[in-house]
Amino acid sequence: MRIATWNVNSITARLPRVLAWLEGSGTDVLCLQETKCTDEQFPREALRELGYDSAVLADGRWNGVAVVSRVGLDDVAPGLPADPGYDGRTEPRAIAATCGPVRVRSVYVPNGREVGHPHYAYKLGWLEALREAVAEDAAGERPFAVLGDYNVAPTDEDVWDRSLFEGATHVTGEERAALAALRGTGLTDVVPRPLKYDHPYTYWDYRQLCFPKNRGMRIDLVYGNAAFAAGVADAYVDREERKGKGASDHAPVVVDLDV
DNA sequence: ATGCCCTATCGCATAGGA
């Protein structure tokens, strides 16, 4: 079973690539982030023609998550029970579903903007709400994973130049402690292999030739419970999908699971 | 080392991304 996560930076702008990639990669379950569309705009029909069902949580131009599956899509759970919201509004950043033998949760963690910004406190609060929401599945016997754009680089090895991130979000002790607490529910970081170079980066800024220079970050993560981690046969970052015109700034992370 | 920001919006700049 092939499971993947991909921040597509607009499902509308990325649709031709997403459809071609699904067909070419043979992915069974795809967790999407930053769909940047309304519920009505989500391309359910185009995906259905390829044999995929979609569970969508989206409300407009920002954020938006989905689970796309051709092996079943049941017990859909949008949002987080304890979501703190931002500026008085709850944002579409999490959705869970059961796809055959596996349960997945697609997440788009808030960016945080700057340390000390209200969005940064929101990011930490949201991660705590995520921890509460996944604790039961994480401790369970069924294979389960939280996949998505965490907007946190777990270690200094996960950014291309640590010195450039001094005082910035994505690398702080608080953010990393929040990830550690999340792992404390019983989840393991399924680190993918890079298809090139030494680090499995998943994001490269559009600007300043970051991708050709491999100035990237590993911020798209797969956190699996014990049953999930035990089934991992392979995991890799499909950097080919970051190339060329019309690419997202994130590459898909792919996991092959024996279940 | 496959290319020098991109996306969405009642746009004619701006917010957000990280």
Anything under 3.5 Å between a protein N or O and an N or O of nucleotides 10-17 of chain B, put it in a table, one pair a line.
from	atom 1	to	atom 2	distance (Å)
B:dG17	OP2	A:R113	NE	2.9

Could you list the residues that satisfy ring pair (Phe, Tyr, Trp, His ring centres under 6.0 Å) with A:H119, not counting sequence neighbours?
A:Y86, A:Y122
Phosphate contact (B:dA18 OP1 or OP2) by A:T169 side-chain N/O below 4.0 Å
no
Tell me the interatomic distance from A:R218, atom CZ, to B:dA18, atom P, rounded to whole angstroms.
16 Å
With a 3.5 Å distance limit and no angle check, can you tell me whether A:E241 reaches the backbone of A:A251 through a side-chain donor-acceptor pair?
no
Residue pairs passing the salt bridge (Lys or Arg N to Asp or Glu O under 4.0 Å) test where at least one lies in residues 53-68 of chain A, sequence neighbours excluded
A:R48-A:D53
Find the distance A:K245:NZ to B:dC4:C1' and express it as a whole number of Å.
14 Å
Of the candidate nucleotides B:dA18, B:dG3, B:dA8, which contains the atom at the shortest distance from the side chain of A:L209?
B:dG3
A:F228: partners by ring pair (Phe, Tyr, Trp, His ring centres under 6.0 Å), with sequence neighbours left out
none
5' precedence on DNA chain B between A:G244 and A:A247 (nearest-nucleotide basis):
A:G244
Rounded distance in Å between the P positions of B:dA1 and B:dG16
35 Å
B:dC12 versus B:dA8 - spacing of their C1' atoms, nearest Å:
14 Å
Protein-nucleotide distance (A:E240, atom CD; B:dA1, atom P), rounded to Å
14 Å
Whole angstrom value for the distance that separates C1' of B:dG3 from CD of A:E241:
16 Å
note: A:K243, atom NZ; B:dC4, atom C1'; distance rounded to Å ~ 17 Å
Check the distance between B:dT2's C1' and A:R239's CZ and give it to me in whole angstrom.
9 Å
Does CZ belonging to A:R89 count more than 12 external heavy atoms closer than 6.0 Å?
no
Those residues that, when tested against A:F211, pass ring pair (Phe, Tyr, Trp, His ring centres under 6.0 Å) (two or more places apart):
A:W204
Pairs touching residues 181-201 of chain A that satisfy ring-ring contact (aromatic ring centres under 6.0 Å, His included), sequence neighbours left out
A:H199-A:Y201
Residue pairs, two or more places apart or on separate chains, that pass ring-ring contact (aromatic ring centres under 6.0 Å, His included) and touch residues 27-78 of chain A
none
Whole angstroms only, please: what is the CD-C1' distance between A:Q208 and B:dC6?
14 Å
Using ring pair (Phe, Tyr, Trp, His ring centres under 6.0 Å) as the criterion, list what pairs up with A:Y223, not counting sequence neighbours.
A:Y150
In whole Å, what is the span from the OH atom of A:Y120 to the P atom of B:dA18?
16 Å
Using atom P in both nucleotides, what's the gap between B:dC4 and B:dT14 to the nearest angstrom?
25 Å
Dot-bracket notation for DNA chain B is requested: 5' to 3', Watson-Crick or G-U wobble pairs only, both distances under 3.5 Å, with ( ), [ ], | and . as defined.
....(((((...))))).
For atom C1', what is the distance between B:dA13 and B:dT2, given to the nearest Å?
33 Å
Within the 4.0 Å heavy-atom criterion, would you say A:Y150 contacts the bases, only the backbone, or no part of the nucleic acid?
nothing
From the list A:R218, A:R176, A:R183, salt bridge (charged side-chain N to carboxylate O under 4.0 Å, His left out) partner of A:D189 resolves to A:R218
I want to confirm an ordering. Mapping A:R14 and A:V109 to their closest nucleotides on DNA chain B, which one lands closer to the 5' end?
A:R14
Between B:dA15 and B:dG3, how many Å separate the two P atoms, rounded to a whole number?
30 Å
